[in-house]
Participant: 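One structure coming up, written as structure tokens, with questions to follow.
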Amino acid sequence: MSVLEIKNLHVNVETDQGTREILRGVDLVINEGEIHAIMGPNGSGKSTLAYTIAGHPKYTVVDGEILLDGENVLEMSVDERARAGLFLAMQYPVEIPGVTVTNFLRTAKTAIDGEAPAIRTWLKDVRGAMSNLKMDQAFAERNVNEGFSGGEKKRNEILQLELLKPKFAVLDETDSGLDVDALKIVSEGVNRAHQTTGLGILLITHYTRILRYIKPDFVHVFVAGRIAEQGGPELADRLEEEGYDRYQVAESAVVEAAAE
């Protein structure tokens, strides 16, 4: 069984005001097949965690480990992480002019698997996945995300998820900018991938609405760069009612005490 382990992770980022510590000792274990939701206010470090797992060069790991099946992820390049089975669905998917969706997907699949997929089978898989996500087949010949709406970009991310079949997927606020219909379609795609491949999922979100469609096994409250509380799905319901204020007040008290 595959496992993604994050141990005492501390991450810095360079800003105009100097070096800033964003993650301050994150511990998290995600087993194959598990769905973990990370919830928290803006600026708490949720996206920093996502991009650190993926290998974004902006973020510097100063302490801790990320292990995938016992292998040190931090020693891997971005493409090596993808080949090892890690996938990031970005909050703001980028446009890639001059590269069609079809070519992008087949090139990525070839790089991950080490061999090109059979054309006939591959085209059938792509068309089927696009149909399930209610994407116009014409999008296959358009440049990646170029001119796509926010919802179309998010569907394209989940199209990649379904076709590339990673071991673990990090979904960074996939629900942001989606209307109710698009949210349901995207969620169905995530659930299909989960059911067919048994991948582990780290779902980052501000709100509980996506959790009505994608049911988490565990919920973690992220505040000021660390996990402040964790529990089951019921924790998300409590957050919906109470918000994050009590966690932020408690964190402020800890910081003030440490400064004295």
Side-chain angles (χ1 to χ4, degrees), residues 35 37-39 42-43 46-59 78-79 81-82 85-112 122-123 125-166 168-194 196-197 199 201-214:
I35 299 177
I38 285 188
M39 305 183 69
N42 281 328
K46 302 184 303 298
S47 291
T48 295
L49 177 61
Y51 284 101
T52 300
I53 293 171
H56 196 298
K58 175 181 177 182
Y59 303 98
V78 173
D79 60 303
R81 297 180 197 206
L86 294 177
F87 176 89
L88 172 65
M90 294 182 286
Q91 183 178 355
Y92 304 108
V94 298
E95 298 181 1
I96 310 178
V99 179
T100 65
V101 170
T102 296
N103 286 340
F104 174 80
L105 289 170
R106 193 162 190 267
T107 300
K109 185 68 171 175
T110 300
I112 290 170
W122 176 247
L123 290 177
D125 290 344
V126 172
R127 288 168 182 157
M130 292 184 73
S131 178
N132 287 334
L133 288 165
K134 295 180 170 55
M135 295 177 69
D136 190 317
Q137 298 292 326
F139 275 79
E141 299 308 319
R142 289 178 59 178
N143 293 335
V144 176
N145 292 327
E146 197 170 43
F148 288 21
S149 68
E152 289 163 349
K153 289 179 179 179
K154 296 299 178 72
R155 292 188 203 196
N156 193 38
E157 294 284 283
I158 304 309
L159 176 66
Q160 296 167 44
L161 173 65
E162 290 203 66
L163 292 168
L164 300 180
K165 297 178 170 55
F168 292 93
V170 180
L171 310 181
D172 186 19
E173 298 192 32
T174 297
D175 53 337
S176 66
L178 297 182
D179 61 28
V180 174
D181 291 334
L183 176 63
K184 186 175 181 181
I185 291 168
V186 163
S187 298
E188 288 171 350
V190 173
N191 287 330
R192 270 194 308 274
H194 180 251
T196 57
T197 68
L199 83 163
I201 295 173
L202 180 60
L203 174 62
I204 295 171
T205 183
H206 285 297
Y207 309 108
T208 59
R209 64 175 193 154
I210 193 171
L211 304 184
R212 297 170 194 155
Y213 302 105
I214 302 172

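Atoms considered below: every heavy atom in the structure, side chains included; atoms not considered: hydrogens, waters and symmetry mates. Numbering of residues begins at 1 and proceeds along the displayed sequence.
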Participant: Is Val101 close to Glu141 at the side-chain level, that is, under 4.5 Å between some pair of heavy atoms?
Facilitator: no
Participant: Measure from the side-chain N and O atoms of Arg81 to the backbone N and O of Ile53, and report whether any donor-acceptor pair falls under 3.5 Å.
Facilitator: yes
Participant: Is any side-chain heavy atom of Val170 less than 4.5 Å from a side-chain heavy atom of Leu86?
Facilitator: no
Participant: Once salt bridge (Lys or Arg N to Asp or Glu O under 4.0 Å) is applied, what residue pairs with a partner in residues 86-108 remain, sequence neighbours excluded?
Facilitator: Glu95-Lys153
Participant: For the residue pair Thr197 and Pro166, what are the closest heavy atoms and their distance?
Facilitator: OG1-O, 4.5 Å
Participant: Quick check: does any side chain N or O of Thr208 sit under 3.5 Å from a backbone N or O of Leu211, one acting as donor and the other as acceptor?
Facilitator: no
Participant: In Å and rounded to the nearest 0.5 Å, what is the CG to CG distance from Asp179 to Asp181?
Facilitator: 5.5 Å
Participant: Quick one: does Met135's side chain get under 4.5 Å of Glu152's, heavy atoms only?
Facilitator: no
Participant: Roughly how far, to the nearest 0.5 Å, is CG of Leu203 from CD1 of Ile210?
Facilitator: 5.0 Å
Participant: To the closest 0.5 Å, what do you measure between CD (Glu173) and NE2 (His206)?
Facilitator: 4.0 Å
Participant: Do you know which two heavy atoms are closest between Thr48 and Thr52, and how far apart they sit?
Facilitator: O-OG1, 2.7 Å
Participant: Taking all non-hydrogen atoms of both residues into account, name the closest pair between Leu161 and Ala169 and its distance.
Facilitator: CD1-CB, 3.6 Å
Participant: At their closest point, which heavy atom of Gln91 faces which heavy atom of Ser47, and how far apart are they?
Facilitator: OE1-OG, 3.5 Å
Participant: Does the side chain of Ser176 pick up a donor-acceptor pair with the side chain of Lys154 at under 3.5 Å?
Facilitator: yes
Participant: Do any N or O atoms from the side chain of Arg155 and from the backbone of Leu133 form a donor-acceptor pair under 3.5 angstrom?
Facilitator: yes
Participant: Just one of Leu202, Ile38, Thr205 clears the side-chain contact (heavy atoms from CB on, under 4.5 Å) bar with Lys46, so which one?
Facilitator: Ile38
Participant: Using modelled atom types only, decide if a donor and an acceptor are shared between the side chain of Thr102 and the backbone of Ala140 within a distance under 3.5 Å.
Facilitator: yes
Participant: Has Asn191 got a side-chain atom pairing as donor or acceptor with Tyr213's backbone, closer than 3.5 angstrom?
Facilitator: yes
Participant: Examine distances only and state if a side-chain atom of Arg209 and a backbone atom of Leu183 form a donor-acceptor pair shorter than 3.5 Å.
Facilitator: no
Participant: How are the rings of Tyr51 and Tyr59 set relative to one another: parallel (under 30°), tilted (30 to 60°) or perpendicular (over 60°)?
Facilitator: parallel
Participant: Please round to the nearest 0.5 Å and tell me the distance separating atom CG of Leu88 and atom OG1 of Thr174.
Facilitator: 8.5 Å
Participant: A side-chain contact here means heavy atoms from C-beta on lying under 4.5 Å apart; do Thr100 and Asn143 qualify?
Facilitator: yes
Participant: Which value, rounded to the nearest 0.5 Å, describes the distance between Asp172 atom CG and Ile204 atom CD1?
Facilitator: 4.5 Å
Participant: Hey, are the side chains of Asn156 and Phe104 touching, using non-hydrogen atoms and a 4.5 Å cut-off?
Facilitator: no
Participant: Enter the distance from Phe139:CZ to Asn145:CG here, rounded to the nearest 0.5 Å.
Facilitator: 10.0 Å
Participant: For Ser187 and Ile214, which heavy atoms make the closest approach, and how far apart are they?
Facilitator: CB-CG1, 3.8 Å
Participant: Could you tell me whether a side-chain N or O of Glu157 sits under 3.5 Å from a main-chain N or O of Met90, the two making a donor and an acceptor?
Facilitator: yes
Participant: Please answer whether the main-chain N or O of Glu162 pairs with a side-chain N or O of Lys165 as donor and acceptor at a distance below 3.5 Å.
Facilitator: yes
